[in-house]
Amino acid sequence: MSTIGCFEGFQPVALKPDGDDQPSAKDSLPMEEGSSGRDSVPSRMARQPSVTESVLYPNLYTQPHCTRKYFVTRPGAIETARQDLKNHVDETMGEAIQGFWLLTEVDHWNNEKERVVAITDNTLLICKYDFIMLSCVQFQRIPLSSICHICLGKFVFPGASLDKRQGEGIRISWGKSEEQSLLSRWNPWSTEVPYATFIEHPMKNSSEKFSEICKMSAFIAKLVCAVQNAHKSSSRPGRGQEMMVSTEPILIQTYTGLMSFIGNCNKLGYSLARGSIGF
């Protein structure tokens, strides 16, 4: 049987048998000179400190690259919207704005839409504002004296519906849903719906400024007070007794939900940076 010769500078290595996982005496770390094996201390290896830093974001929307996608968070955008709305109220209505909020409207087809909402002396003003072009696109005026029901609660759908929505919201009604025509109920672009449903805007937690103007509790408190005052000052007798505030499920009568699923997943109802389309 032939043997392998040892080349100069190399030493033969004895292999451990299989299953021998116990460390040998040669495998131990070197000891300091002048110390016995009992009280000897292994030499410490130097470790370089890490030069990288990690930053934790407790909330998704506090990340700068997420908040900058919404044009409403661009510097001066929400201030311009507030001033444009104030100028419109001064020129066309002659009233004073009591409160200003940035909310998300959920229409009767469960589609989310970015809205600027203001409460004046006698009117609830819902504005569709283009934060890209910084211009008012559409206004909806609801007299405060015509609001008869304010409902707070979770969203529910018909039993056979495939659509769904988590969380809570507020529905403001100025008419009975039973009086809504069949054509407007099944028309996703109808403006004859006798109610408006709102939830909080996604940018609520992006900064302290947006936390104030997106706060739903402050909007509800101001709205209830304004509606009660409007009913009391109304010329019709007993008008102040007709407004009701309740806590109950909010029904959205959609069944397939395909349109709202595509629109809400892609945030089509918001002024949002969509990225470059070309190459």
Using 4.0 Å as the upper bound for N to carboxylate O, is an ion pair formed by E105 and R115?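 Result for this pair is yes, salt bridge flagged.
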
What is the minimum heavy-atom distance between [X] and [Y], and which atoms define it?
| X | Y | answer |
| --- | --- | --- |
| L144 | I119 | CD1-CG2, 4.4 Å |
| L85 | A118 | CD2-CB, 3.6 Å |
| Q98 | D121 | NE2-OD1, 3.2 Å |
| E168 | I199 | O-CG2, 3.7 Å |
| P188 | W109 | CB-CD2, 3.7 Å |
| N110 | K164 | ND2-O, 3.8 Å |

Going through the distances and angles, do L103 and E200 end up as a side-chain contact (heavy atoms from CB on, under 4.5 Å)? CA-CA 5 Å; L103 302 174; E200 291 180 335; 5.5 Å; no

For residues [X] and [Y], determine if any side-chain heavy atom of one lies less than 4.5 Å from a side-chain heavy atom of the other.
| X | Y | result |
| --- | --- | --- |
| E248 | C151 | yes |
| I252 | H108 | no |
| L223 | F198 | no |
| L102 | F210 | yes |
| Q140 | L125 | no |
| E114 | T104 | no |
| E112 | R165 | yes |
| F139 | H88 | yes |

Calculate, to the nearest 0.5 Å, the distance between atoms [atom1] and [atom2] belonging to [X] and [Y] respectively.
| X | Y | atom1 | atom2 | value |
| --- | --- | --- | --- | --- |
| I170 | I220 | CD1 | CD1 | 4.0 Å |
| M244 | C148 | CE | SG | 8.0 Å |
| M243 | S145 | CE | OG | 12.0 Å |
| W101 | C214 | CH2 | SG | 12.0 Å |
| N264 | N111 | CG | CG | 6.0 Å |
| R82 | I97 | CZ | CD1 | 8.5 Å |

Give a yes or no on this: more than 12 heavy atoms of other residues, nucleotides or ligands lie within 6.0 Å of atom CD of E192. no

Just wondering, are more than 12 heavy atoms of other shown residues or ligands nearer than 6.0 Å to CZ in F261?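 Counting neighbours around CZ of F261, 12 or fewer heavy atoms of other residues, nucleotides or ligands fall under 6.0 Å, so no.
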
Between [X] and [Y], is there shared hydrophobic-cluster membership here, with clusters defined by ILVMFWY side-chain heavy atoms closer than 4.5 Å?
| X | Y | value |
| --- | --- | --- |
| M216 | V245 | yes |
| I126 | V137 | no |
| W174 | V106 | no |
| Y195 | L251 | no |

Please tell me whether T197 and R171 have a donor and an acceptor in their side chains that are separated by less than 3.5 angstrom.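 Checked: T197/R171 side chains pair up, N/O donor to acceptor below 3.5 Å.
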
With a 3.5 Å cut-off and no angle check, do the side chains of N87 and E91 form a donor-acceptor pair?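 No, because no side-chain N or O of N87 sits under 3.5 Å from a partner of the opposite role on E91.
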
For D90, check salt bridge (charged side-chain N to carboxylate O under 4.0 Å, His left out) against everything at least two apart and list the hits. K86

Could I get the full list of salt bridge (charged side-chain N to carboxylate O under 4.0 Å, His left out) partners for E79, not counting sequence neighbours? K209

Verify side-chain contact (heavy atoms from CB on, under 4.5 Å) between D107 and V193, making sure each step is shown before the conclusion. CA-CA 9 Å; D107 66 6; V193 181; over 6 Å; no

Which side-chain N or O atoms in residues 152-162 pair as donor and acceptor under 3.5 Å with protein atoms at least two apart or in another chain?
unit_1, atom_1, unit_2, atom_2, d
S161, OG, D163, N, 3.1
S161, OG, T254, O, 2.6
S161, OG, Y255, O, 3.4

Intermediate values then yes/no, side-chain contact (heavy atoms from CB on, under 4.5 Å), I262 and N266: CA-CA 6 Å; I262 297 175; N266 293 279; 3.9 Å; yes

Spell out, as yes or no, whether a donor-acceptor pair under 3.5 Å connects the side chain of S260 to the backbone of G257. yes

Has the side chain of S146 got a donor or acceptor atom that lies under 3.5 Å from a matching backbone atom of P143?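 Flag set: sc S146 to bb P143 pair under 3.5 Å.
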
How are the rings of Y270 and H201 set to each other: parallel, tilted or perpendicular (split at 30° and 60°)?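 The rings of Y270 and H201 stand perpendicular, inter-plane angle above 60°.
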
Which is it for S246 and H149 under the side-chain contact (heavy atoms from CB on, under 4.5 Å) test, yes or no, and what are the steps along the way? CA-CA 8 Å; S246 63; H149 188 196; 2.7 Å; yes

